[in-house]
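Beneath this line is the structure, given in structure tokens, with notes to follow.
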Amino acid sequence: MHNYLDFEKPIAELEGKIEELRHLSGSGEVNIADEVTKLQAKVDKLLAQTYSKLTPWQKTQVARHHDRPHAVDYISAWIEDFTPLAGDRAFAEDQAILGGIGRFRGRSVMVIGTEKGADTEARVKHNFGMARPEGYRKAQRLMTMADHFGLPVITLVDTPGAYPGVDAEARGQAEAIARSIETCLALKVPLISVIIGEGGSGGAIALATANTVLMLEHAIYSVISPEGCASILWRSGDMAQDAAAAMRLTAQDLMEFGIIDVVVPEPMGGAHRERDIVIDALEDAVDEALNAFQGMEGAMLKASRRDKYLAMGKTGLA
Amino acid sequence: MNWLKNIVRPKLRELVGGQKKDVPDNLWHKCRDCSQMIFHRELEKNQHVCQHCGHHMRLGAVARLKSIFDDGAYTTINPPDSPPDPLKFKDIKRYSDRLKDARSKNDTDDALTVAHGQLGGNPAVIAVLDFAFMGGSMGIAVGEGLLAAGQLAVEKGAPLVVFSSSGGARMQEGIHSLMQLARTTIAVDDVREAGLPYIVVLTDPTTGGVSASFAMLGDIAIAEPGAIIGFAGQRVIEQTIRETLPEGFQRAEYLHEHGMVDMVCHRHELRDTLARVIDLLMNKGGTDDEDASLPAVVDAAALEGPADSADADAGETAA
């Protein structure tokens, strides 16, 4: 049973019918195979139509879909011997950012990811993927450790943004993010980042100043949420759809701008429909990205990451 | 419509007779903090600090640079070209129009001004974010400007001093603005790797993407009294926690208390403080250093001046 988004209503109706027919056939002797096949074909067509031309606002909704695989899902599927590591050694353990060492396709890696949580309990535990300073400081600690032991770093980004709270401010949220970006830039090991859902502003780039940034087809990555942008520039949160479009926050836009390096296709109907397929596809893509840096010297890794970001100011200049 | 007043009206006056030419429009300013009226000459003389309550008003880039460089003398550099309006962004207004508007009001191309000169007898590069230019927001031009400032500091073997005043990233440049968090951090690292001091003076306000990048990475962080400094905006935080915020939250003094800045420094003592810090970090003394004796004298002079008056003023502001 799916959780349908508003714009998926026609699909929901068709799939509801299929479900009903199956239920009928279960109780009676009616042969419904033909009818189901027909309806399923309609569903597939409709899904293909809808998902081939999602608006930026629809993509925002897909990127935030509760059933979309989260960081924990990728980590548990990809990483053997995953050993979670906790705490920033200064204040606390922040469950909004998970991290640890493990083996990715045979090689030891450090994995760090913002986790939104799959159900209410988990969402509260992970603070809806909004990290506090201790989360970013934990990430810094783990990245520095990876650097020390020569382990590649994989980061999975899925966050509405850094947590806006009194405690977070008191402990230096801004500094924690800034320092995290600085740590990313200093690494002499490969840093591969994937925007798997929502790439929310400073809280995202804190973990995604990377050698290679991959992005799922329907993920978003932006300087502020469409709602936030709308309420500031349009003075109305209701204009979020317009803001989403104006900000150019889709993977396709960012690929065009040269901000990200790879767009990883999602299964028809989005990552939440075929979770295993997208988890496998992304694993291949991350593996490929890691292989590209095989044997590259540390200084080179750092320099090429730096050069990549320096070049971004020149895009659009004749 | 300030620019209209400033540009058009004097011309009209010239036609009428021109006797009033020397009289500015706003003779009196009202302090936002204590509501006392301040005569404009007093305000300028006092570096836009209210003489009644010590409130530090926002200072434009030119006034700032003049107040910090020796004899108020400096040379600005032209920042590299950056692509204007990369998203062709339009909200209720076109970004290109907003930019045009800001440029005509401010006489600068963007929010960051970069200059070099002498500070306390040492060469220094200073970059100033001006809140008057679209809220000091950071887009590609600010990123490029800061990178140029970092390179200039490295070329000149000079420290980089940044005055921040910004609401954060410039939303109208979308993801390109976010990338400036990484790019300005590179600028800071360039200065750091050259072994040169990177000093940030956080002024009102410093929030969002600017605080979450170069503004919070200073070797030494100095804040102006009363300045709002933080990551998230106060309204956003209030909406999130649904409580009123604690007294003095995100003010310079609050950050000092929480260990986020080295000192809160009154504007009148800023120049001497910067000169002293730079001198201490750059001219380390010892027998090999020929210049060691000269700056030591400057140090002593700088130390005597600020000690008592600065504390008194800062105390007033905090109260």
Side-chain angles (χ1 to χ4, degrees), chain A residues 130 133 161-182 184-186 199 201-206 208-209 221-224 228-230 232-235 239 242-243 246-249 253-254 257 259-260 305-306 309-310 312-318, chain B residues 80-84 86-87 89-93 140-141 143-144 147 168-183 185-186 188-189 206-217 221 229-233 236-237 239-241 243 245-246 249-250 254-255 258-260:
Chain A
M130 296 183 286
Y163 182 64
V166 174
D167 58 339
E169 294 289 325
R171 294 194 290 278
Q173 186 72 293
E175 195 266 355
I177 293 169
R179 215 51 89 177
S180 198
I181 295 171
E182 197 178 36
C184 287
L185 284 164
S201 193
I205 197 170
T209 310
Y221 188 14
S222 63
V223 69
I224 186 172
C229 182
I232 297 172
L233 292 182
W234 277 263
R235 288 159 215 258
M239 300 300 283
D242 294 50
M247 283 202 296
R248 312 277 306 266
L249 43 62
D253 286 325
L254 303 194
F257 294 145
I259 301 288
I260 60 163
R305 191 183 308 120
R306 177 194 140 96
Y309 283 89
L310 284 181
M312 283 179 188
K314 314 292 177 221
T315 31
L317 279 182
Chain B
D81 284 341
S82 51
L87 304 185
F89 193 93
K90 182 173 177 270
D91 45 80
I92 44 182
K93 216 171 153 184
I140 297 173
E144 287 288 290
L147 280 160
R170 189 171 296 168
M171 280 173 287
Q172 293 91 342
E173 293 188 20
I175 194 75
H176 298 286
S177 298
L178 188 64
M179 292 303 120
Q180 305 315 311
L181 275 70
R183 302 180 81 243
T185 302
I186 293 175
V188 172
D189 286 341
T206 300
T207 58
V210 167
S211 69
S213 58
F214 64 94
M216 275 295 172
L217 292 173
I229 304 158
F231 177 64
V236 177
I237 299 173
Q239 280 163 9
T240 312
I241 60 167
E243 281 171 37
L245 299 169
F249 180 64
Q250 288 185 328
Y254 178 92
L255 269 88
H258 285 82
M260 299 317 300

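Values in this document were obtained by computation on a predicted structure and should not be read as measured data.
- Heavy atoms only, all atoms of each residue included: B:Phe231 and A:Ala162 are closest at CE2-CB, 3.6 Å.
- B:Ser213 contributes atom OG, which lies 10.0 Å from atom CD1 of A:Ile177 (distance to the nearest 0.5 angstrom).
- Heavy atoms closer than 4.5 Å to chain A are found in both the backbone and the side chain of B:Ile186.
- Judged by distance alone, the side chain of A:Glu169 and the main-chain N or O of B:Gln250 form no donor-acceptor pair under 3.5 Å.
- Of the listed residues A:Cys229, A:Ser201, A:Ala243, the one with more heavy-atom pairs under 4.5 angstrom with chain B than any other is A:Ser201.
- Both the backbone and the side chain of B:Leu217 come within contact range of chain A, with heavy atoms under 4.5 Å apart.
- Chosen from B:Gly174, B:Ala212, B:Ala232, the residue pairing most often with chain A at heavy-atom distances under 4.5 Å is B:Ala212.
- Interface remark: A:Leu310 contributes backbone and side-chain atoms alike to the contact with chain B (heavy atom separation under 4.5 Å).
- Atoms CD1 and CG, from A:Ile205 and B:Leu181 in turn, are 5.5 Å apart once rounded to the nearest 0.5 Å.
- Atom CG of B:Leu87 is separated from atom CE of A:Met247 by 9.5 Å, given to the nearest 0.5 angstrom.
- B:Met260 places a side-chain heavy atom less than 4.5 Å from the side chain of A:Glu175.
- Put simply, the side chain of B:Ile175 does not reach to within 4.5 Å of the side chain of A:Val223, judged on heavy atoms.
- Contacts between B:Phe214 and chain A at a heavy-atom distance below 4.5 Å are absent for every atom of the residue.
- Note on A:Arg179, A:Gln173, A:Arg248: by heavy-atom pairs under 4.5 Å with chain B, the leading option is A:Arg179.
- With respect to chain A, the highest number of heavy-atom pairs below 4.5 Å among B:Arg183, B:Gln239, B:Glu144 belongs to B:Arg183.
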**Report entry** From CA spacing to verdict: side chain to side chain contact (heavy atoms under 4.5 Å, CB included), B:Leu178, A:Tyr221
**Finding:** CA-CA 10 Å; B:Leu178 188 64; A:Tyr221 188 14; 3.6 Å; yes
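- With chain B as the partner, the residue from A:Ala230, A:Ala176, A:Ala174 showing the most heavy-atom pairs under 4.5 Å is A:Ala174.
- The two residues B:Ala182 and A:Ile181 have their closest heavy-atom pair at CA-CG2, 3.8 Å.
- In this structure, the side chains of A:Met239 and B:Asp91 stay at 4.5 Å or more apart for every pair of heavy atoms.
- Note that the CE atom of B:Met171 and the OG atom of A:Ser222 stand 11.5 Å from one another [nearest 0.5 Å].
- Proximity to chain B is absent for every atom of A:Leu249, based on heavy atoms less than 4.5 angstrom apart.
- By number of non-hydrogen pairs under 4.5 angstrom with chain B, the leading residue of A:Ala170, A:Gly165, A:Ala208 is A:Ala170.
- Chosen from A:Leu233, A:Ile259, A:Thr209, the residue pairing most often with chain B at heavy-atom distances under 4.5 Å is A:Leu233.
- Between the CG atom in B:Asp189 and the CG atom in A:Leu185 there is a gap of 6.5 Å [rounded to 0.5 Å].
- Atom CD1 of residue B:Ile92 and atom CZ of residue A:Arg235 lie 5.5 Å apart, to the nearest 0.5 angstrom.
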